[in-house]
> 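What follows is a structure written as C-alpha coordinates; I'll ask about it next.
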Amino acid sequence: MSMMDVDVQPPTQLTAIASPQLADGLATLPMLIPLNGAVVNGNSTLPTEPPCETVYVQNLNESVTMNTLKQTLTNLFKNYGEVLDVVAHHNLRMRGQAFVSFADPEAAAKAVKEVDRFPLYGKPMKLSFAKTRSDAVVQKLDGTHMEEYKAERMERKKRARADNPLRRKAQARLKASAGDGTAPQAGRRIVQMPDEYLPPNKILFLQNLPDSTTLDQLQMLFSQYPGLHEVRLVPTKKDIAFVEYVDENAASTAKDALHNYRLDGEAKMKVTFARK
DNA sequence: AGCACA
(Lines give C-alpha, C1' and ligand atoms only; values in the text may rest on other atoms or scores of the structure.)
Protein backbone atom coordinates (compact mmCIF):
# COMPACT_ATOMS: atom_id res chain seq x y z
CA MET A 1 0.00 0.00 0.00
CA SER A 2 2.65 2.48 0.94
CA MET A 3 5.57 2.27 -1.39
CA MET A 4 4.33 -0.52 -3.53
CA ASP A 5 1.76 1.16 -5.66
CA VAL A 6 4.32 3.47 -7.16
CA ASP A 7 7.60 2.79 -8.76
CA VAL A 8 9.86 3.10 -5.79
CA GLN A 9 12.93 1.10 -4.95
CA PRO A 10 11.65 -2.22 -3.70
CA PRO A 11 12.43 -3.30 -0.16
CA THR A 12 16.00 -4.36 -0.01
CA GLN A 13 16.68 -7.89 1.03
CA LEU A 14 19.69 -7.86 3.22
CA THR A 15 21.39 -10.86 4.60
CA ALA A 16 21.94 -10.46 8.28
CA ILE A 17 25.51 -9.84 9.13
CA ALA A 18 27.04 -11.07 12.31
CA SER A 19 26.45 -8.57 15.04
CA PRO A 20 29.56 -7.48 16.87
CA GLN A 21 30.38 -10.30 19.19
CA LEU A 22 30.94 -9.53 22.77
CA ALA A 23 34.34 -11.10 23.20
CA ASP A 24 34.18 -13.10 26.36
CA GLY A 25 36.60 -11.38 28.63
CA LEU A 26 36.75 -7.76 27.63
CA ALA A 27 33.15 -7.17 26.97
CA THR A 28 32.31 -4.62 29.57
CA LEU A 29 31.09 -1.94 27.22
CA PRO A 30 31.24 -3.31 23.71
CA MET A 31 29.01 -0.61 22.34
CA LEU A 32 31.46 2.07 23.25
CA ILE A 33 33.99 0.99 20.74
CA PRO A 34 34.30 4.22 18.83
CA LEU A 35 32.39 4.17 15.62
CA ASN A 36 35.37 4.27 13.33
CA GLY A 37 36.24 7.38 11.44
CA ALA A 38 37.57 9.30 14.36
CA VAL A 39 39.43 12.45 13.50
CA VAL A 40 43.10 11.64 13.38
CA ASN A 41 44.62 15.03 13.78
CA GLY A 42 42.70 18.23 13.83
CA ASN A 43 43.01 19.26 10.22
CA SER A 44 43.78 16.96 7.35
CA THR A 45 42.03 13.64 7.80
CA LEU A 46 38.32 13.96 7.61
CA PRO A 47 36.18 11.39 9.32
CA THR A 48 34.62 9.01 6.87
CA GLU A 49 30.99 8.41 7.68
CA PRO A 50 30.94 5.52 10.09
CA PRO A 51 28.61 2.61 9.56
CA CYS A 52 26.35 3.44 12.44
CA GLU A 53 23.06 1.58 12.73
CA THR A 54 21.24 4.85 13.13
CA VAL A 55 20.45 7.26 10.37
CA TYR A 56 20.35 10.96 11.15
CA VAL A 57 17.68 12.71 9.10
CA GLN A 58 17.63 16.45 8.50
CA ASN A 59 15.56 18.93 6.59
CA LEU A 60 12.25 17.36 7.53
CA ASN A 61 9.12 19.35 7.06
CA GLU A 62 8.55 20.89 10.47
CA SER A 63 4.84 21.36 10.10
CA VAL A 64 4.14 17.66 10.14
CA THR A 65 2.98 16.35 13.48
CA MET A 66 5.31 14.18 15.49
CA ASN A 67 3.06 11.15 15.23
CA THR A 68 2.61 11.21 11.51
CA LEU A 69 6.25 11.95 11.04
CA LYS A 70 7.40 8.97 13.06
CA GLN A 71 4.81 6.76 11.44
CA THR A 72 5.80 7.85 7.98
CA LEU A 73 9.50 7.47 8.61
CA THR A 74 8.99 3.99 9.98
CA ASN A 75 6.98 3.03 6.95
CA LEU A 76 9.46 4.47 4.56
CA PHE A 77 12.59 3.08 6.16
CA LYS A 78 11.37 -0.40 6.90
CA ASN A 79 11.90 -1.01 3.22
CA TYR A 80 15.60 -1.18 4.00
CA GLY A 81 15.60 -3.39 7.04
CA GLU A 82 14.12 -3.83 10.49
CA VAL A 83 13.54 -0.45 12.10
CA LEU A 84 14.12 -0.56 15.84
CA ASP A 85 13.11 2.95 16.70
CA VAL A 86 12.44 6.41 15.39
CA VAL A 87 13.23 9.33 17.66
CA ALA A 88 12.27 12.91 16.93
CA HIS A 89 11.65 15.99 19.02
CA HIS A 90 9.71 19.10 18.37
CA ASN A 91 11.78 21.50 20.42
CA LEU A 92 13.69 24.34 18.87
CA ARG A 93 16.99 22.56 18.72
CA MET A 94 15.74 19.25 17.44
CA ARG A 95 12.88 20.00 15.11
CA GLY A 96 13.25 19.04 11.49
CA GLN A 97 15.45 16.13 12.46
CA ALA A 98 14.98 12.49 13.33
CA PHE A 99 16.95 9.42 14.25
CA VAL A 100 16.01 6.18 12.59
CA SER A 101 17.60 3.13 14.15
CA PHE A 102 18.06 -0.09 12.29
CA ALA A 103 18.91 -3.46 13.70
CA ASP A 104 21.60 -3.81 11.11
CA PRO A 105 24.24 -1.26 10.09
CA GLU A 106 24.09 -2.43 6.50
CA ALA A 107 20.44 -1.56 6.39
CA ALA A 108 21.32 1.90 7.61
CA ALA A 109 24.00 2.25 4.97
CA LYS A 110 21.60 1.19 2.28
CA ALA A 111 19.03 3.66 3.49
CA VAL A 112 21.50 6.52 3.58
CA LYS A 113 22.58 5.75 0.08
CA GLU A 114 19.15 5.40 -1.44
CA VAL A 115 16.91 7.69 0.52
CA ASP A 116 19.18 10.71 0.76
CA ARG A 117 17.45 13.66 -0.89
CA PHE A 118 14.18 11.86 -1.14
CA PRO A 119 11.50 14.54 -0.98
CA LEU A 120 9.32 13.75 1.99
CA TYR A 121 6.44 16.11 2.61
CA GLY A 122 7.80 18.35 -0.05
CA LYS A 123 11.34 18.64 1.30
CA PRO A 124 14.39 16.62 0.29
CA MET A 125 15.69 14.77 3.33
CA LYS A 126 19.37 14.93 4.18
CA LEU A 127 20.59 11.63 5.47
CA SER A 128 23.77 10.76 7.27
CA PHE A 129 24.88 8.40 10.01
CA ALA A 130 24.27 9.37 13.60
CA LYS A 131 27.29 10.24 15.66
CA THR A 132 26.42 7.95 18.48
CA ARG A 133 24.47 4.78 18.81
CA SER A 134 20.90 5.01 19.88
CA ASP A 135 19.51 3.39 22.96
CA ALA A 136 17.35 1.09 20.91
CA VAL A 137 20.41 -0.33 19.24
CA VAL A 138 22.34 -0.67 22.44
CA GLN A 139 19.39 -2.41 24.04
CA LYS A 140 19.31 -4.86 21.23
CA LEU A 141 23.04 -5.50 21.33
CA ASP A 142 23.22 -5.94 25.03
CA GLY A 143 20.40 -4.80 27.23
CA THR A 144 22.26 -5.47 30.43
CA HIS A 145 24.83 -2.72 29.99
CA MET A 146 22.35 0.03 29.38
CA GLU A 147 23.02 1.94 32.55
CA GLU A 148 26.76 1.87 32.17
CA TYR A 149 26.38 2.98 28.63
CA LYS A 150 24.32 5.99 29.59
CA ALA A 151 26.86 6.97 32.20
CA GLU A 152 29.61 6.80 29.64
CA ARG A 153 27.59 8.85 27.25
CA MET A 154 27.32 11.59 29.82
CA GLU A 155 31.09 11.63 30.03
CA ARG A 156 31.43 11.99 26.32
CA LYS A 157 29.07 14.91 26.39
CA LYS A 158 31.14 16.65 29.00
CA ARG A 159 34.29 16.12 27.05
CA ALA A 160 32.64 17.44 23.91
CA ARG A 161 31.60 20.54 25.75
CA ALA A 162 35.12 21.16 26.93
CA ASP A 163 36.32 20.66 23.41
CA ASN A 164 37.25 23.72 21.43
CA PRO A 165 34.25 24.78 19.34
CA LEU A 166 36.37 26.70 16.83
CA ARG A 167 38.11 23.59 15.67
CA ARG A 168 34.79 21.95 15.03
CA LYS A 169 33.59 24.83 12.96
CA ALA A 170 36.67 24.61 10.80
CA GLN A 171 36.12 20.93 10.30
CA ALA A 172 32.56 21.46 9.27
CA ARG A 173 33.62 24.02 6.71
CA LEU A 174 36.27 21.73 5.30
CA LYS A 175 33.83 18.93 5.01
CA ALA A 176 31.31 21.09 3.21
CA SER A 177 33.76 22.11 0.56
CA ALA A 178 35.27 18.65 0.21
CA GLY A 179 32.32 16.44 -0.66
CA ASP A 180 29.46 17.35 -2.88
CA GLY A 181 30.45 16.95 -6.50
CA THR A 182 27.99 14.37 -7.64
CA ALA A 183 25.43 13.44 -5.08
CA PRO A 184 23.00 11.20 -6.89
CA GLN A 185 19.49 12.50 -6.84
CA ALA A 186 17.63 9.95 -4.80
CA GLY A 187 14.21 8.86 -5.81
CA ARG A 188 14.97 8.99 -9.47
CA ARG A 189 12.77 6.00 -10.11
CA ILE A 190 9.74 7.46 -8.46
CA VAL A 191 7.22 8.29 -11.10
CA GLN A 192 4.83 9.91 -8.68
CA MET A 193 5.12 10.81 -5.04
CA PRO A 194 2.97 8.52 -2.88
CA ASP A 195 0.01 10.33 -1.33
CA GLU A 196 1.32 9.59 2.12
CA TYR A 197 4.41 11.74 1.61
CA LEU A 198 2.80 14.82 0.16
CA PRO A 199 3.39 18.10 1.96
CA PRO A 200 0.71 19.45 4.28
CA ASN A 201 -2.19 21.10 2.58
CA LYS A 202 -5.35 22.66 3.94
CA ILE A 203 -7.21 20.42 1.52
CA LEU A 204 -7.57 16.75 2.34
CA PHE A 205 -8.09 14.01 -0.19
CA LEU A 206 -10.40 11.15 0.77
CA GLN A 207 -10.22 7.78 -0.94
CA ASN A 208 -11.93 4.46 -0.68
CA LEU A 209 -15.28 5.87 0.40
CA PRO A 210 -18.23 3.51 0.34
CA ASP A 211 -20.70 4.15 -2.50
CA SER A 212 -23.35 5.08 0.00
CA THR A 213 -21.37 8.04 1.35
CA THR A 214 -23.30 11.30 1.47
CA LEU A 215 -22.24 14.90 1.71
CA ASP A 216 -24.07 15.29 5.02
CA GLN A 217 -22.32 12.33 6.44
CA LEU A 218 -18.90 13.70 5.59
CA GLN A 219 -19.73 17.19 6.81
CA MET A 220 -20.92 15.74 10.06
CA LEU A 221 -17.81 13.69 10.48
CA PHE A 222 -15.25 16.33 9.56
CA SER A 223 -16.94 19.19 11.38
CA GLN A 224 -15.94 17.49 14.61
CA TYR A 225 -12.57 19.04 14.00
CA PRO A 226 -12.30 22.82 14.09
CA GLY A 227 -11.79 24.95 11.04
CA LEU A 228 -13.77 22.98 8.48
CA HIS A 229 -14.45 25.07 5.42
CA GLU A 230 -16.09 22.81 2.90
CA VAL A 231 -16.59 19.24 1.76
CA ARG A 232 -16.68 18.53 -1.94
CA LEU A 233 -17.84 15.31 -3.50
CA VAL A 234 -16.73 14.31 -6.95
CA PRO A 235 -19.80 13.67 -9.10
CA THR A 236 -18.11 11.21 -11.41
CA LYS A 237 -16.31 9.27 -8.73
CA LYS A 238 -18.17 8.14 -5.69
CA ASP A 239 -15.23 6.80 -3.80
CA ILE A 240 -13.28 10.03 -3.43
CA ALA A 241 -13.88 13.51 -1.97
CA PHE A 242 -12.06 16.67 -0.94
CA VAL A 243 -12.29 18.31 2.45
CA GLU A 244 -11.03 21.82 2.87
CA TYR A 245 -10.06 23.41 6.19
CA VAL A 246 -9.07 26.95 6.99
CA ASP A 247 -5.40 26.07 7.24
CA GLU A 248 -2.92 23.23 7.17
CA ASN A 249 -2.92 22.76 10.90
CA ALA A 250 -6.64 22.27 11.07
CA ALA A 251 -6.52 19.90 8.14
CA SER A 252 -3.68 18.00 9.70
CA THR A 253 -5.57 17.42 12.92
CA ALA A 254 -8.59 16.07 11.10
CA LYS A 255 -6.42 13.93 8.91
CA ASP A 256 -4.65 12.32 11.83
CA ALA A 257 -7.94 11.64 13.53
CA LEU A 258 -9.86 10.26 10.60
CA HIS A 259 -7.39 8.43 8.44
CA ASN A 260 -8.48 4.79 8.30
CA TYR A 261 -11.86 5.60 9.79
CA ARG A 262 -14.54 3.10 8.81
CA LEU A 263 -17.50 5.09 7.57
CA ASP A 264 -19.69 2.07 7.12
CA GLY A 265 -17.97 -0.07 9.68
CA GLU A 266 -16.28 -1.89 6.86
CA ALA A 267 -13.78 -0.27 4.53
CA LYS A 268 -11.23 2.15 5.85
CA MET A 269 -11.22 5.50 4.14
CA LYS A 270 -7.85 6.89 3.28
CA VAL A 271 -7.20 10.50 4.26
CA THR A 272 -4.15 12.25 2.89
CA PHE A 273 -3.18 15.79 2.00
CA ALA A 274 -4.34 16.69 -1.47
CA ARG A 275 -1.81 17.35 -4.18
CA LYS A 276 -1.23 21.00 -4.84
C1' DA B 1 21.55 25.13 11.36
C1' DG B 2 20.52 22.13 14.81
C1' DC B 3 23.13 14.71 16.90
C1' DA B 4 18.55 12.39 20.98
C1' DC B 5 17.05 8.69 23.79
C1' DA B 6 15.84 9.03 31.39
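The chains referred to below are lettered A, B, ... by the order of the sequence lines, with proteins before strands, and numbering in each begins at 1.
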> Please give, in whole Å, the distance from B:dA4 P to A:Leu92 CG?
14 Å
> Counting heavy atoms from C-beta on, name the nucleotide in B:dG2, B:dC5, B:dC3 closest to the side chain of A:Ser134.
B:dC5
> Check whether the ring centres of A:Phe205 and A:Phe242 lie less than 6.0 Å apart, and answer yes or no.
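Centroid distance A:Phe205-A:Phe242: below 6.0 Å, so yes.
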> Checking contacts here: which listed nucleotide (B:dC5, B:dA4, B:dG2) is nearest the side-chain heavy atoms of A:Tyr56?
B:dG2
> Hey, what do you get for CE (A:Met125) to CZ (A:Arg117), rounding to the nearest 0.5 Å?
12.5 Å
> Taking CE from A:Met66 and C1' from B:dA4, how many angstroms apart are they, rounded to a whole number?
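Value for this atom pair: 12 Å.
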> Once you round it to whole Å, what is the distance between C1' of B:dA1 and CD of A:Glu62?
10 Å
> Please determine whether a side-chain nitrogen or oxygen atom of A:Arg93 lies at a distance below 4.0 Å from atom OP1 or OP2 of B:dA1.
no
> Using atom NZ of A:Lys70 as one end and atom C1' of B:dA4 as the other, report the distance to the nearest whole Å.
10 Å
> Which is more 5' along DNA chain B, the nucleotide nearest A:Gln97 or the one nearest A:Asp85? Just name the residue.
A:Gln97
> Return yes if a side-chain donor-acceptor contact under 3.5 Å exists between A:Lys78 and A:Asn75, otherwise no.
yes
> Grab the CZ-P distance between A:Phe99 and B:dG2 for me, whole Å please.
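To the nearest whole Å, that distance equals 12 Å.
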> Salt-bridge test for A:Lys255 and A:Glu248: reply yes if a basic N is under 4.0 Å from a carboxylate O, no otherwise.
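The answer is no: the pair does not qualify as a salt bridge.
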> What is the distance, rounded to the nearest whole Å, between atom CG of A:Asn91 and atom C1' of B:dG2?
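Result: 10 Å.
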> Measure CG/A:Leu60 against C1'/B:dA4 and give the value in whole Å, please.
14 Å
> For A:Lys123 and B:dA1, give me the distance from atom NZ to atom C1', rounded to whole Å.
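In whole Å, B:dA1 C1' and A:Lys123 NZ are 11 Å from each other.
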